Amino acid sequence: MNSAKQYKCPACGAPIGFDAATGDVTCQSCGNAFDISTLETLEHDTQSFQWGDHLHQEDTATMEGTRTYQCVSCGAQIEVDATTAATRCPYCDNNVVLTDQVSGGLRPNAVIPFRITRKELPAVVNKFYRGKHLLPKTFLSQRKLKEVQGIYVPFWLFDCRMDGNMVMQGTRIRHYREGDYDCTETSYYLLEREGEMSFSRVPVDASVKMPDDLMDSLEPFDYADLVDFNDAYLSGYLADRFDSSPDAELPRADRRMLNSAVDVLRRTAIGYSSVTIRANGMHITDADVRYVLLPVYLLNYEYQGKIYRLAVNGQTGKVVGNLPISKGRSLAWFLGSGAVGAAVAFLLGMLLQ
Amino acid sequence: MKRFFTIFLCLTLAALLTVPAWAAMDTSLPRVVDELDWLEDSEAAELNDYILARSEEEGVDVGIFLMTLMPDGIDYPSDYADALYARGGYGWGDTGRCVMLTVDMYQGLLAVTSYEGDGELLTPGQSDAVSDLILDYINSDAPIAGSLTEFVDQVYDYVAGRRVAEEYDTVALPDWYPDDVASFVDFHTAASTPRVVDDADLFTDGQEAAMAVKIAALREAYNMDFVVYTSPSAYGMEHNMLAADFYQFCGYGVGDDFSGGVLLICMDPMDRGWFTATCGRYRDLYTSQANERLNARLRPWLVRGAEGEEDAYGEGVLQYLDDTAAVMSGKKVYDYSIPGVMAVIAFLLVGGITVGIERHKMKTVRQAADAEEYLVPGSFDLRRHRDFYLHSTVTRTRRESSSKSGGGGGGFSSSGGRSFGGGGGKF
């Protein structure tokens, strides 16, 4: 039997949970609020994730299947995914933090607490629908909200230094007249650049079951809100521990940093009409990683037999998701805007003719 | 002895003075000049010998001159032949009987000229027959060498009466042609002189009236004359000359330079075509480009008219007058409606881009491609920065001349000696 933990009000003993609106832990029963640091004094687990610590690798075998916990509140057996770090008891609905998933070498280095409350979600999502002119007319009325989850998603934050060189070909074009001829002179140059640059806290989600593109789209997170991890932040939300190692996810971060590094070096080729990259030798020379939990709301809607998932950045309120597109409205917009453009062009043509 | 020598000298001089210049046929002069390389050297030499041999038999000299272009100062191949003949050395017998074939490839012109004394050795029908023989070969893929030999043979056959050419009646000049071109005096016609002269009866009354209105507007707007002339015959003249002579001899033109132009549509069954003759200021405005565009847009109408489509001639000319107005105002003439094309393109572009943007807004899930916002400010250290010059290439494009060309057909002079420009075509 694995260990589960439930935070209880120091005043009345009732279950307590993290309140995104105040940033405190509040008791729904007596209404008292407690600073996270108060609860921290109850916890003295100073160990946290370190890259190179093989604990997570050894734990890979335990990431599959399910695990069973006993609810501290009602004593019921709770069966959860092997990577679940916080959940709700399906019997008593109390918040449960599975401490063995967030302790020792699995303890996140930091967390960004939720800032958007569940009550604010409808307004945030409705704002997202504004200006989506191709949304089917019946979507807002016929969609069915199947599920809302506030979940702490595990992320790796990579700190890297990129070093190397790049060879480019640049062209400069000069136009001039020579007698009865228009001349175009194209001069070719070989450009060599060598340098280094640092990237800080490049996020890559560490959860296999979370779609990468969905998580990428939620960026950016404001790292000013990063705080030391405390179990209490998970209370009231779902949470997963990482199930993909930093070594497995580093290539994703590497690709992004490489693209930016190439772009930075390319921008040093000033005064050329065109620049073509011939060789690129940029590579990571130094890397570090932090394990953090970032707040995300997932909302699943059912519309005309299909599930549409929206994700909300639980810190900034940024909403992302692919919405259904109305063919009728697409055609109407094409014809309408095209007609306006055609009318303007026709008038211009009449004037120019 | 001295007396005998004196008498001999006098007799010799007397004989030389009484013999015409062309009587001294110079066999060393080439009978075949092939600047076009239509013949192999051996073929040319063989043909040259053949002509010299047949000249003795038939009593007629023949010259074949295949030229890339005419020498300076000579406009037409017939003039070139005249100049060669006048220089001497060509022509057989006392009357200098000679036939010359001259090709000017640059202008695409061919002339068969014949000489006998002060007249012509070949009749018009015979000249046309041997000209057509060469033209048929040029327009076919058959080897030209054979046609030139056949040309020589036919010339001798016609002269000897072994072959008879189909002759046609000489067409009388049109009634507006002056009896004496040399003494013709330019005059400015009254405004009431018709600007639409439909001798070929191609237009309806309504079309003629519409043309007259458009022409009047053009004349008033640009102070130049514009005339539409249809003719059932070419009167044996080139279209450019017919158009220019009509314009001059009928007294059209505004100002001291007789500014204006005439569109001739010639319905001669043997020589159907059109020509715009331009004069004075209009000659400067009527550029090669304008000529090409106007002709390109007019020709399909004329073809449709020739195929029997009702009103096509008139509609084409009405459009031509609209295009002329556009040319006069410095606007480009197109085969299509510019506003219409712009509208269609804008419709597709704006509609497509708008829907593209809207669809983009509906899908906000995308993989991150870069990490620009995670680049640590000030961390970029550019250690090396070197630019090496490799090489250069230069492309040269000839500038399109902005000078006025005076039309697609270049300049020419009417029978009355006035300078014209313009261009036309066949349909």
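Atoms considered below: every heavy atom in the structure, side chains included; atoms not considered: hydrogens, waters and symmetry mates. Here is the naming used below: chain letters follow the sequence lines, and residue numbers restart at 1 for every chain. Keep in mind that what you see is a predicted model, and the values were worked out from it rather than measured.
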Most chain B-contacting option - heavy-atom pairs closer than 4.5 Å, from [options]:
options                        : result
A:S217, A:A253, A:A343, A:C160 : A:S217
A:D263, A:L323, A:T184         : A:T184
A:G170, A:G341, A:A311, A:S187 : A:S187
A:V320, A:N165, A:T186         : A:T186

### Message
Looking at B:K361, I'd like to know if its NZ atom is crowded, meaning that more than 12 non-hydrogen atoms belonging to other residues, nucleotides or ligands lie closer than 6.0 Å.
### Response
yes

### Message
Tell me whether B:H360 at atom NE2 has more than 12 heavy atoms from other residues, nucleotides or ligands lying less than 6.0 Å away.
### Response
no

Which bit of [X] is near chain B, if near means a heavy-atom gap under 4.5 Å: side chain, backbone, both or neither?
X      : result
A:R252 : side chain
A:R201 : backbone
A:L331 : neither
A:P211 : neither
A:L135 : both
A:F128 : side chain
A:F158 : neither

For chain A, which candidate among [options] shows the most heavy-atom pairs at distances under 4.5 Å?
options                        : value
B:I353, B:L375, B:L382         : B:L375
B:A343, B:A346, B:G340         : B:A343
B:V350, B:V394, B:L349, B:V365 : B:V365
B:M362, B:E373, B:R396         : B:M362

### Task
Against chain A, label B:L348 side chain, backbone, both or neither, depending on which of its atoms sit under 4.5 Å from a heavy atom there.
both

### Query
In terms of heavy-atom proximity below 4.5 Å to chain A, should B:E358 be classed as side chain, backbone, both, or neither?
both

### Ring centre gap for B:Y389 and A:Y189 strictly below 6.0 Å
yes

Between atom [atom1] of [X] and atom [atom2] of [Y], what is the distance when rounded to the nearest 0.5 Å?
X      : Y      : atom1 : atom2 : value
A:H175 : B:T397 : NE2   : OG1   : 10.0 Å
B:H391 : A:L190 : NE2   : CG    : 11.5 Å
A:T268 : B:R384 : OG1   : CZ    : 12.5 Å
A:E185 : B:T393 : CD    : OG1   : 8.0 Å
B:D370 : A:M257 : CG    : CE    : 12.0 Å

### Query
With no hydrogens and no angle check, is any side-chain donor or acceptor of A:N259 less than 3.5 Å from a backbone partner on B:A369?
yes

### Query
Counting N and O atoms only, with roles assigned by atom type, does the side chain of B:T364 sit under 3.5 Å from a partner on the main chain of A:G321, one being a donor and the other an acceptor?
yes

Shortest non-hydrogen contact from [X] toward [Y]:
X      : Y      : value
B:A371 : A:S260 : N-OG, 2.7 Å
B:G351 : A:F334 : C-CD1, 3.2 Å
A:R256 : B:Y374 : NH2-CE1, 3.6 Å
A:L134 : B:V355 : CD1-O, 4.2 Å
B:A368 : A:R255 : O-NH2, 4.3 Å
A:S198 : B:S379 : N-OG, 3.0 Å

#### Entry: Pair A:D213 + B:K363: basic N to acidic O under 4.0 Å
no

State, with a plain yes or no, whether a side-chain heavy atom of [X] is found less than 4.5 Å away from one of [Y].
X      : Y      : value
B:V376 : A:M197 : no
A:E196 : B:F380 : no
B:R366 : A:N322 : no
A:R193 : B:D387 : yes

#### Entry: Test log, rule side chain to side chain contact (heavy atoms under 4.5 Å, CB included), inputs B:R386 and A:L191
CA-CA 6 Å; B:R386 296 192 299 188; A:L191 317 177; over 6 Å; no

### Task
Give the C-alpha distance, both sets of side-chain angles, the deciding distance and a yes or no for salt bridge (Lys or Arg N to Asp or Glu O under 4.0 Å) between B:R383 and A:D163.
CA-CA 10 Å; B:R383 290 195 301 271; A:D163 198 334; 2.7 Å; yes

### Message
Between B:E372 and A:R267, is the salt bridge (Lys or Arg N to Asp or Glu O under 4.0 Å) condition met? List the steps.
### Response
CA-CA 13 Å; B:E372 187 80 26; A:R267 288 202 292 263; 2.9 Å; yes

